[in-house]
2 protein chains.
Amino acid sequence: MTTSSNFRYVALADEIQNGIMKGTFSAGEKLPSLRKLHLQLGLSVSTVHQAYIELEKRGRVEAKEKSGFYVKALIKNPLGKPAREKVSAKPCRVLINDLAKTIVNSLQSKKMLQLGAAVPSKVLMPLKQLSRIMKSIPAASLQDHISNYDSFAGNINFREQISKRMIGSACSISAEDIITTNGCLDAVSLCLRTVADPGDTILIESPAFHCFLQLIEDLNMYVIEIPGCPEDGIDPKVFEKTISNNKIKACLLNSNFQNPLGSVMSKDNKAKILKIAKTHKIPIIEDDIYGDLFYGDKRPVTFKSMDKDGMVLYCSSFSKALAPGLRTGWTVPGIYKDELIRLKLNTVISNSGINQAVVAQFLKSGAYDRHLRQLRNRLKNQASAMAISISKHFPPDTKITFPKGGMLIWIVLNKRINSLDVYQKAYERNISILPGIICSSSEKYKNCLRINCGIKWNQRVDDGIKTLGKIIKALS
Amino acid sequence: MTTSSNFRYVALADEIQNGIMKGTFSAGEKLPSLRKLHLQLGLSVSTVHQAYIELEKRGRVEAKEKSGFYVKALIKNPLGKPAREKVSAKPCRVLINDLAKTIVNSLQSKKMLQLGAAVPSKVLMPLKQLSRIMKSIPAASLQDHISNYDSFAGNINFREQISKRMIGSACSISAEDIITTNGCLDAVSLCLRTVADPGDTILIESPAFHCFLQLIEDLNMYVIEIPGCPEDGIDPKVFEKTISNNKIKACLLNSNFQNPLGSVMSKDNKAKILKIAKTHKIPIIEDDIYGDLFYGDKRPVTFKSMDKDGMVLYCSSFSKALAPGLRTGWTVPGIYKDELIRLKLNTVISNSGINQAVVAQFLKSGAYDRHLRQLRNRLKNQASAMAISISKHFPPDTKITFPKGGMLIWIVLNKRINSLDVYQKAYERNISILPGIICSSSEKYKNCLRINCGIKWNQRVDDGIKTLGKIIKALS
């Protein structure tokens with residue numbers, strides 16, 4: 001036992017802390033009982049107890065009444081925080097490569113360590129319940145779904161359940177205000193096509209979700225990027241200046257736990273930004289896909305909840321918080337509803353209603369809130385374990401964001417390192433990551449990576465982070 | 001018994017023919033046995049037999065060995081055929097209304113007689129088999145579908161089954177050449193976006209499927225319409241002239257049983273058109289959604305089957321021949337595959353794999369061919385009954401197409417009649433039809449209607465046609 005102290009309890013505390021850092025004990029995990037360690041190590045119950053109290057003081061564990069000691073999730077960033085980047089605010093054509101395709105495709109490969117795409121681990125999804133619901137749909141109802149084009153607005157039960165859940169997130173909406181889509185990106189795509197035309201310029205936060213950039217390019221639109229702060233997103237003053245100096249047709253913003261930064265704009269800043277956008281008559285397309293995955297006590301607010309005029313087009317889906325394979329997204333497009341329905345009708349006529357009916361049933365049962373409580377806790381613990389592992393294995397000049405929700409960590413490496421090289425070498429070792437360069441239409445973020453914390457923390461993930469650390473050190 | 005003859009068997013034949021015209025006996029239905037009519041009418045078995053032989057001569061019934069006499073489906077158009085319309089071939093912006101939305105929405109209403117949208121009746125779909133397959137998916141496999149983003153190209157079993165079915169319809173394709181979509185229109189939309197940009201001009205056949213026109217408008221493209229002949233579609237000479245005199249980016253053609261005319265281009269003409277398009281380096285987007293629904297002996301050929309260079313983007317779905325609610329479409333985009341995958345990825349990431357797995361299982365079981373044989377026969381009989389009813393109830397100057405496949409009849413009324421008036425008055429009487437005016441970007445086809453023959457023929461349908469006839473006569 002290597003120790004920095006002559007006190008037995010301090011030595012034991014160090015040892016356990018080491019185990020936490022190495023991932024032997026992960027965030028949220030129950031530590032061995034006093035009696036068990038007493039028997040195992042030959043130390044007195046009192047010494048073991050003192051060690052746990054010491055770890056509690058260090059903020060590493062927490063006692064739960066009548067249950068024992070648990071590894072605490074991180075509350076502080078173990079590394080330095082990245083600063084807000086300077087981004088030149090001028091409209092430009094998006095020019096990116098097809099890395100995204102390789103990353104999504106590698107999701108099919110079981111041998112790949114999935115740190116690239118933002119997906120929750122299978123073990124975090126209520127799969128048994130969902131498949132049980134699907135299997136229990138009465139044959140007559142199933143035959144109805146199979147034989148009919150669904151209403152083009154979407155399954156009515158699904159929309160009703162969503163309208164109930166959105167109380168508080170939107171100003172008094174009803175099922176009629178909701179249009180279902182094939183996932184959240186489909187909703188964003190329809191909203192963009194609704195409010196903007198080819199040649200128009202869309203304002204987004206930088207670094208950005210790479211699919212936003214590619215979608216805007218595919219729609220023959222231009223993009224203007226304004227810098228996001230890893231803590232609180234967009235600065236309303238920069239927003240106002242950019243809007244005043246450029247001809248912007250619409251804003252496309254992740255309101256909560258922005259992809260990739262994990263930032264959350266304060267309610268105050270959201271209100272300011274909404275007001276500025278309205279003054280300039282610019283609609284906001286709000287992507288709130290991570291909103292339910294807050295690590296704190298309260299769900300952060302949405303733009304839509306402050307939108308009295310219907311100029312916010314709200315988008316979300318159950319792909320991150322429930323199950324990506326069901327492809328159940330939706331939008332609340334406000335005053336743009338008729339135009340959006342028309343576009344949906346002329347592209348897909350309607351979506352299949354079966355998956356929507358399954359999610360509606362799950363929501364109605366009340367199981368979703370129970371599921372979310374567990375999922376949020378687990379994601380927080382996984383993000384903690386990931387952050388600790390990165391701080392241990394990556395070079396000390398690495399900076400990371402520590403998310404307040406969602407499932408993404410943004411990593412800023414030394415300027416000398418090209419994350420495309422890291423990506424290539426990691427891919428060869430069966431680790432998928434997202435290189436920062438595809439998160440901007442400029443050459444920004446070359447030295448950045450985005451890491452998915454959605455996969456279950458275990459030794460394999462820790463080893464993967466270690467391998468990434470080695471690759472980066474070798475490139476330094 | 002009103003009769004035109006002194007012969008009893010002729011009188012009986014007249015009577016039965018009347019019943020066929022009125023829909024008492026519909027196409028494909030077995031007529032009462034000789035013995036039954038003998039007992040019922042007090043006529044000799046020989047007289048009844050002579051009456052049936054008379055009807056056989058008139059082409060109204062057919063004898064099936066050891067089974068009896070059956071009402072024959074129509075082989076000749078009971079009314080005059082519409083002529084090829086003159087359409088000015090100049091590119092123009094599509095400007096249409098939102099009638100299509102009302103028509104699709106009315107599909108949800110059980111009280112509406114569904115003569116508007118092109119949908120097969122529920123009773124024509126193998127719903128029990130499909131729902132049984134869906135219910136029998138093992139829980140583990142269902143959970144896989146629910147938890148994973150499907151491969152963006154689509155479910156591999158589904159694509160493999162399609163590649164097997166397409167032997168003969170396409171030049172040696174494999175599952176890798178197929179991309180699945182949310183129905184056929186989604187495939188067409190992706191293909192249009194792949195080969196053309198906003199501002200480009202797309203060539204289509206006129207009258208056209210109204211959703212094509214709206215989609216082209218939504219994509220900010222222009223359309224040029226060339227006239228289709230109700231019999232054999234586009235004239236290659238007109239096609240060549242139009243292509244030579246205009247800057248056309250792509251052609252979008254229904255290869256078989258064109259919507260709304262029901263026309264089929266001959267193999268020869270298809271080959272000519274493909275050659276001309278290739279000479280001008282213009283890709284053909286081929287929508288073959290009705291191809292499997294031929295009334296004759298043989299499936300008509302596709303452009304794709306003659307496409308050696310991959311310049312045909314083939315599109316289809318199971319929405320017409322199997323079940324619209326499953327939303328299982330696909331495209332074989334030839335040399336444009338990579339670009340199309342990129343667009344799909346950036347819009348929806350992937351489709352849900354469950355419905356695709358269900359159809360794959362259905363195809364694998366061999367049930368699809370059995371189902372198709374039955375469906376084609378029923379559609380042919382329904383179209384016959386519909387044509388006879390129209391010829392009976394509509395004004396005598398009405399012209400109709402008699403389809404060789406698919407499920408649509410195109411009706412040309414007297415020039416004085418505005419089909420929008422017919423549409424409105426029919427809608428008030430709970431009958432949904434498709435007014436011809438939305439089948440063109442010009443003011444053409446004001447006096448035309450499209451009727452769906454997919455719904456099961458019965459007294460209610462006959463009464464609906466009768467009501468339509470009255471409405472039209474009142475407007476004359």
Side-chain angles (χ1 to χ4, degrees), chain A residues 98 100-101 104-105 107-108 117 119 122 125 127-128 130-132 134-135 137 139 142-152 181-183 185-186 189 193 197-199 211 214-215 217-218 220 319 323-328 338 341-343 345-355 358, chain B residues 98 100-101 104-105 107-108 117 119 122 125 127-128 130-132 134-135 137 139 142-152 181-183 185-186 189 193 197-199 211 214-215 217-218 220 319 323-328 338 341-343 345-355 358:
Chain A
D98 56 1
K101 195 171 125 187
V104 177
N105 239 2
L107 279 174
Q108 307 294 320
V119 279
K122 268 180 120 162
M125 302 176 206
L127 296 179
K128 277 187 190 161
L130 291 170
S131 82
R132 210 180 300 131
M134 186 165 276
K135 279 193 167 287
I137 298 177
L142 206 52
Q143 291 178 21
D144 253 2
H145 285 302
I146 292 171
S147 60
N148 288 323
Y149 282 103
D150 200 357
S151 150
F152 43 69
T181 57
N182 189 6
L185 196 56
D186 187 28
S189 169
R193 291 176 60 200
D197 289 313
C211 286
Q214 292 175 302
L215 176 59
E217 181 189 356
D218 290 346
N220 298 286
S319 298
L326 290 173
R327 315 305 301 119
T328 41
D338 287 347
I341 284 185
R342 181 203 147 107
L343 289 180
L345 173 61
N346 292 337
T347 315
V348 297
I349 302 175
S350 67
N351 298 118
S352 169
I354 300 168
N355 294 358
V358 168
Chain B
D98 56 1
K101 195 171 127 188
V104 176
N105 239 3
L107 279 175
Q108 308 294 317
V119 279
K122 268 180 120 162
M125 303 176 205
L127 295 179
K128 277 187 190 162
L130 290 170
S131 83
R132 209 180 300 131
M134 186 166 273
K135 280 195 167 286
I137 298 178
L142 206 51
Q143 292 178 21
D144 252 3
H145 285 302
I146 293 172
S147 60
N148 288 322
Y149 284 103
D150 200 357
S151 150
F152 42 69
T181 57
N182 189 8
L185 196 56
D186 187 27
S189 169
R193 291 176 60 201
D197 289 312
C211 286
Q214 291 175 301
L215 176 59
E217 181 188 357
D218 291 345
N220 297 286
S319 298
L326 291 174
R327 315 304 302 120
T328 41
D338 287 347
I341 284 186
R342 181 204 147 107
L343 290 180
L345 173 61
N346 292 338
T347 316
V348 297
I349 303 175
S350 66
N351 298 118
S352 169
I354 300 168
N355 294 358
V358 169

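Below, read A as the first sequence line, B as the second, and so on, with proteins coming before strands; counting in each chain starts at 1. All of these numbers come straight from a predicted model, not from anything done at the bench.
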Got B/Ile354 and A/Ile354 here, is their nearest side-chain heavy-atom distance under 4.5 Å? no

Most contacts with chain B, counted as non-hydrogen pairs under 4.5 angstrom, among A/Val348, A/Leu215, A/Ile146: A/Ile146

In terms of heavy-atom pairs under 4.5 Å with chain A, the winner among B/Ala323, B/Ser319, B/Gly325 is B/Gly325

Most heavy-atom pairs under 4.5 Å with chain B, out of A/Asp186, A/Thr347, A/Leu343, belong to A/Thr347

Is there a donor-acceptor contact under 3.5 Å from the side chain of A/Lys135 to the main chain of B/Ile137? yes

When you measure from the side chain of A/Arg327 to the backbone of B/Asp150, do you find a donor-acceptor pair of N or O atoms at a distance under 3.5 Å? no

side-chain contact (heavy atoms from CB on, under 4.5 Å), that's the test. Do A/Leu142 and B/Met134 meet it? Break it down for me. CA-CA 9 Å; A/Leu142 206 52; B/Met134 186 166 273; 3.6 Å; yes

Between B/Ser189 and chain A, which part of the residue has a heavy atom less than 4.5 Å away: side chain, backbone, both or neither? side chain

Pick whichever of B/Gly353, B/Pro198, B/Gly183, B/Cys211 has the most heavy-atom pairs under 4.5 Å with chain A. B/Pro198

So for A/Thr181, is it side chain, backbone, both, or neither that comes closer than 4.5 Å to the heavy atoms of chain B? neither

Quick one about B/Asn182 and A/Asn182 (side-chain donor to acceptor, distance below 3.5 Å, no hydrogens or angles considered), yes or no? no

Pick whichever of A/Asp338, A/Asp197, A/Val119, A/Asp144 has the most heavy-atom pairs under 4.5 Å with chain B. A/Asp144

Can you tell me which portion of B/Val358 sits under 4.5 Å from chain A's heavy atoms? Options are side chain, backbone, both or neither. neither

The interface call for A/Asn355 against chain B, heavy-atom contacts under 4.5 Å, is side chain

Counting C-beta onward and ignoring hydrogens, is there a side-chain heavy-atom pair between A/Leu130 and B/Gln143 closer than 4.5 Å? no

Under 4.5 Å from any heavy atom of chain A, what part of B/Arg132 do you find: side chain, backbone, both or neither? neither

Rounded to the nearest 0.5 Å, how far does NE2 of B/His145 lie from CG of A/Leu127? 12.5 Å

